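Bear in mind that the values here come from a model prediction, so they are computed numbers and not experimental data. For reference, positions follow the sequence shown, starting with 1.
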Amino acid sequence: MNYQEVSVFIIYLVFMLAIGVWFFFREKNQTERGYFLGDRKMGPWVAALSAGASDMSAWVLMGLPTSIYALGLGQLWISVGLAIGYSLSWIYEAPRLRAFSIAADDSITVPQYLTNRFLSSSRVLQLISAAVFLVAYTIYAASSIKACGTLFNTVTGLDTTTAMYLAALIVISYTFLGGFSAVSWTDFFQGMLVLAAMLIVPIAAWAMLEPGTSATIDTPNYWNVFSSWQDIVSGLGWGLGYFGMPHIIIRFMSINSQKELRKSAKIGISWTLIILTFAAFVGVIGRMFIGYDEAVNNNSLVFVVMTRRIFPAVVSGILLSAVLAAAMSTADSQLLAAASAFASDVYRPVIRANKAGNREMLWAGRVVVLLIAIAALFIASSPNAGSIMALVSNAWGVFGAAFGPAIMLSLFWRRFTFSGAAVGIFTGAAVDIAWLSYMSHTGVYEIIPGFFAGLVAAVVVSLISPKPSQEVEALFDKAVKMTNE
């Protein structure tokens, strides 16, 4: 065990916990909107880096670089797809979603927004959405917890399962205590740390390489960017996920003004483009620096191994804390988004028939945070859980296919209906899961058929349904006007 690295980890984790405690006492009388959406008071820097950090979990430091490390430049299309999708979501989706969520009775969750957007009293859409949330977020959180366990085991020698429980305890604690504000501020600091690590490690490794090292990679087609049409299509398909990723787009709803949102877009897009570019560098340079190692590939450790070989213990401890930062910043956002969906969209309207007060709602959300984290721990500790990247891709696909078409149509199509949204969400999720189960051998990422099946279903059902009422159309027009103010 390297005690210097461990000491840095402990200091970092105590700092994250302190943020949660600070917001718990500072905002102990906070409302439901405060706990789940930060009262829409997020500034541009915090909102942008929080959105980026909640997106770029440990897979961007472990999963994606290792895929490029092992399989070659054909995996770069994932970075390209993500860069395009993220940029488009900030430019086109974010301004409208913030305005529409306010116009739709000040909605604080994605399912709540989709219901209020149609002025509907039906809870069907919220129940369908909450079910998708609970399943997908449990899988997604499992990937982050597994990454923490792998890192702790590598650095400290601590049993992997024990390490997962420790990491989950830290994330649960500050999410449980501080809510959205604590999550956003911890994500802000973690986003800065991830950026620093992604810049420093590959540049330092590249400077240490001997001339001609690239020639030592003799894997067939390693350098071929156009390795297969499946790699290209599937990689670009990752970008579709951004339009329906609740824990990311909820940040769009939290920003305090349309003017500040435009600043956030510039910051968020720039941060993500840098991160994705250097994630690719980590993979390629790691292959030249380390050489191919099956253990590195199996455990997604190219960034970790490279960092520990280059830097002394204290520095490597700080840089490896970025992996913890990436994993924790996504896990906390996922837990909070799932908790808000259950508390606001199931517990209050269905279980308590709209009789629950703010305090009861806060504790209902906190209990859900705990329950989802426990379920995620069981998945992460299972020997059949799959790799970090596999868990992320499964959850990412379900969210993007289910919610992406419905949210974009709700923002840009006046004729869109409640029935179209409900059927689109169900169809997108169902086709995504079916493709993963029965058609994964095609090599095409399941989000692509799922997204377009959900889109077609939503459009067809909307066209055969009665057109929206004048009140719903007036809400749409009001929100569009707010977007341009």
Could you tell me whether [X] and [Y] have their ring centroids closer than 6.0 angstrom?
X	Y	answer
Phe243	Phe403	no
Phe281	Trp206	no
Tyr242	Trp396	yes
Phe476	Phe416	no

Would you compute the distance between atom [atom1] of [X] and atom [atom2] of [Y] and round it to the nearest 0.5 angstrom?
X	Y	atom1	atom2	result
Leu199	Ile203	CG	CD1	5.5 Å
Trp271	Ser264	CH2	OG	13.5 Å
Gln75	Ser234	CD	OG	9.5 Å
Leu319	Met198	CG	CE	11.5 Å
Arg96	Ser410	CZ	OG	10.0 Å
Ile275	Ser79	CD1	OG	11.0 Å

- Item | Inter- and intrachain pairs under salt bridge (charged side-chain N to carboxylate O under 4.0 Å, His left out), touching residues 398-423, at least two apart |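 Every salt bridge (charged side-chain N to carboxylate O under 4.0 Å, His left out) pair that includes a residue of residues 398-423, provided the two are not neighbours, is Arg414-Glu473, Arg414-Asp477.
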Between the main-chain N or O of [Y] and the side-chain N or O of [X], is there a donor-acceptor pair closer than 3.5 Å?
X	Y	answer
Tyr86	Gly239	no
Ser120	Asn116	no
Asp432	Gly450	no
Asn394	Ala390	yes
Ser101	Arg98	yes
Thr66	Tyr69	no
Ser107	Ala104	yes

Exercise for review: Give the intermediate values and the outcome of side chain to side chain contact (heavy atoms under 4.5 Å, CB included) for residues Leu114 and Ile425.
Suggested key: CA-CA 11 Å; Leu114 287 171; Ile425 290 171; 3.8 Å; yes
Are [X] and [Y] close enough that some pair of their side-chain heavy atoms sits under 4.5 Å apart?
X	Y	answer
Ile232	Val80	no
Phe452	Leu240	yes
Val304	Arg308	yes
Val480	Phe100	yes
Phe311	Ile318	no
Trp238	Ile447	no
Val225	Asp231	no
Leu411	Arg117	no

Considering all heavy atoms of both residues, which atom of [X] and which atom of [Y] are nearest to each other, and what is their separation?
X	Y	answer
Ala479	Ala103	CB-CB, 3.9 Å
Thr115	Ser122	CG2-O, 3.6 Å
Pro405	Gly400	CD-O, 3.6 Å
Pro111	Leu125	O-CD2, 4.2 Å
Met306	Phe289	CG-CD2, 3.9 Å

Exercise. Using the six-membered ring wherever Trp is involved, compare the ring planes of Phe399 and Tyr137 and label them parallel, tilted or perpendicular (cut-offs 30° and 60°).
Key: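 Rings of Phe399 and Tyr137: tilted, 30 to 60°.
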**OP:** Go through the structure and list residues passing ring pair (Phe, Tyr, Trp, His ring centres under 6.0 Å) with Tyr113, not counting sequence neighbours.
**Re:**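 Tyr113 satisfies ring pair (Phe, Tyr, Trp, His ring centres under 6.0 Å) with no residue once adjacent residues are dropped.
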Self-check item: Test side chain to side chain contact (heavy atoms under 4.5 Å, CB included) applied to Leu119 and Asp105, step by step
Solution: CA-CA 9 Å; Leu119 302 177; Asp105 198 24; over 6 Å; no
*What's the verdict on side chain to side chain contact (heavy atoms under 4.5 Å, CB included) for Ser67 and Ile78, showing C-alpha distance, side-chain angles and the deciding distance?*
CA-CA 10 Å; Ser67 292; Ile78 296 176; 5.6 Å; no
- Can you establish whether the number of heavy atoms outside Phe412 located under 6.0 Å from its atom CZ is more than 12?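 Buried by this count: over 12 neighbours within 6.0 Å.
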### Crowding at CZ, Phe418 (>12 non-hydrogen neighbours, <6.0 Å)
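Buried by this count: over 12 neighbours within 6.0 Å.
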Exercise. Begin with the C-alpha distance, continue with both residues' side-chain angles, and end with the deciding distance and a verdict on side chain to side chain contact (heavy atoms under 4.5 Å, CB included) for Met482 and Lys478.
Key: CA-CA 6 Å; Met482 289 173 61; Lys478 175 185 176 182; 4.2 Å; yes
